[in-house]
Amino acid sequence: MSLRFMSMFLRPSHLTSLTARYASEQKKVVVYDIFANVAKKDRNTYLEMIKIFEGKDIRRRGHVEFIYAALRNMEEFGVNKDLEVYKSLLEVLPKGRFIPTNIFQADFFHYPKQQQCATDLLEQMEDNGVMPDFEMEDILLNIFGRRGIPLRKYWRMMYWMPKFRNLSPWRLPHKLPKDSLELAKLAIERISSIDNNMKTTIFQTKEIEASLDKTWIVSAQCPTQMSLIETELKLRTNKNNNCEPLVVKGAYSVYLRNQCISYFTLMGPVRPKDVPYVDPDDITKINAPGLFGNSTLPAVKKSVHEQDDGTVLAICATGTSSRDSLLSWIRLLEKNGNPALGQLPVIFTLIAPSSELVNIETQPATK
């Protein structure tokens, strides 16, 4: 019996008390999230809660709301990239009930709430880079039939995801390391893979006595870049040459899946444009040497490090990304095969350090 119908037969005082009671009962209705009040959040607890829900009710009422709540809390439990957990969530849906029996049900989105829930589950798998297997096809076939929308989504995923999974030439491990040093090594190796002669070195700033930040530095440099630094010093001996300093630029960002790493580059000035490179094996235009033609040597091809906006002389990633760690990086490069850096001016474009640094010399004397 509705409150409006009862108001026709009640006094105003009774109606006021009934309205207040009805409002208080409405406030007691809240949505209870079963995953929010769990003390230990891990994979075993997550799977155990799925089993408890399956055995609680034979009809499995509220299975759609349970799956959505489970999808929202997957990252907290650390199971957002686990294929077995996604299959366990699909097993919550009842089998055979949502299969269309005629062409009209198949064309008009039979049981739309359940089909949209399963499609969202597959969408979350795709966002997290989890590729389904053939067992998941059998699960979807038993739940929604061959004409279900989730099964079509599964077929599209099985077509495209294997193509993109091995497309990148920079392979990453299945589980990224949690150590920032190991992540920095993977990032610097990915950036420096353009030259096969690049050598990655790990420095410690404690090798420099004047350094304030005691951290690590992952640096990459090749012999070609070392020779470019020596060439830059020789060019500065010419009085007619403009003395442009070397510049430490950054911080730039590179992503390893969902992990972001900051790196810096040591840039030199732009090289003057040379004569266009001519392939010495090209026989389309042959000039006879001596009196019958010009005998000129072909131009030297630029290295891959000489770009239009400058010359890349070295790259690095530090543990603190601070000015002091970058200064220690330049000094360590000078000690390890680049003595010309001690005679070249270097400026830094880093506006402010990412961490709070305190200059020891500016501190007042204490007893």
For the backbone of [Y] and the side chain of [X], can you confirm whether one donor and one acceptor N or O come within less than 3.5 Å of each other?
X	Y	answer
Thr318	Thr215	no
Ser211	Thr205	yes
Glu334	Leu341	no
Asn102	Gln105	yes
Gln114	Val64	no
Thr311	Pro269	yes
Arg60	Val92	yes
Gln225	Cys222	yes
Ser219	Cys316	no
Glu75	Arg72	no

Any chance you could lay out the side chain to side chain contact (heavy atoms under 4.5 Å, CB included) test for Ile50 and Phe66, step after step, and finish with the verdict? CA-CA 9 Å; Ile50 296 176; Phe66 175 81; 4.2 Å; yes
Can you tell me if [X] and [Y] form a side-chain donor-acceptor pair at under 3.5 Å?
X	Y	answer
Gln116	Asp120	yes
Glu137	Trp155	yes
Asn336	Gln221	no
Thr224	Ser227	no

Applied to residues 141-151, the salt bridge (charged side-chain N to carboxylate O under 4.0 Å, His left out) test, sequence neighbours excluded, yields none
Ring pair (Phe, Tyr, Trp, His ring centres under 6.0 Å) test vs Tyr46 passes for just one of Phe53, Phe77, Tyr86, namely Phe77
Joint cluster assignment, [X] & [Y], ILVMFWY side-chain distance < 4.5 Å:
X	Y	answer
Leu344	Val247	no
Met267	Ile188	yes
Trp216	Trp329	no
Phe264	Leu333	yes
Ile191	Met226	no

Residue pair [X] / [Y]: nearest heavy atoms and the distance that separates them:
X	Y	result
Ala187	Val254	CB-CG1, 3.7 Å
Ile67	Leu89	CD1-O, 3.7 Å
Ile330	Phe348	CG1-CZ, 4.2 Å
Met158	Pro132	SD-O, 3.3 Å
Ile99	Gly145	CG1-N, 3.7 Å
Met161	Val130	CE-O, 3.5 Å

Answer yes or no: are there more than 12 heavy-atom neighbours, outside [X] itself, under 6.0 Å from its atom [atom1]?
X	atom1	result
Asp308	CG	no
Ile347	CD1	yes
Arg257	CZ	yes
Lys56	NZ	no
Lys51	NZ	no
Leu172	CG	yes

Do the side chains of [X] and [Y] get close enough for a salt bridge, i.e. N-O under 4.0 angstrom?
X	Y	result
Lys95	Glu91	yes
Glu123	Lys153	yes
Asp213	Arg323	no
Lys87	Glu84	yes
Glu65	Lys113	yes

Across all chains, not counting sequence neighbours, the salt bridge (Lys or Arg N to Asp or Glu O under 4.0 Å) partners of Glu54 are none
Heavy-atom distance under 4.5 Å between the side chains of [X] and [Y], does that happen here?
X	Y	result
Asn338	Glu230	no
Ser321	Tyr263	no
Leu140	Tyr154	yes
Met125	Met136	yes
Thr265	Val248	no
Phe203	Val218	no
Leu266	Ile315	no
Arg331	Leu327	yes

In this structure, CZ of Arg43 is separated from CD of Glu48 (nearest 0.5 Å) by 12.5 Å
Interatomic distance, CG@Leu181 vs CD1@Ile217, rounded to 0.5 Å, equals 11.5 Å
Residues 102-122 vs ring pair (Phe, Tyr, Trp, His ring centres under 6.0 Å), sequence neighbours excluded, gives Phe98-Tyr111
Check your understanding: Would His305 and Leu313 count as a side chain to side chain contact (heavy atoms under 4.5 Å, CB included) if you check the C-alpha gap in whole Å, the side-chain angles of each, and the deciding distance to 0.1 Å?
Key -> CA-CA 7 Å; His305 309 288; Leu313 302 177; over 6 Å; no
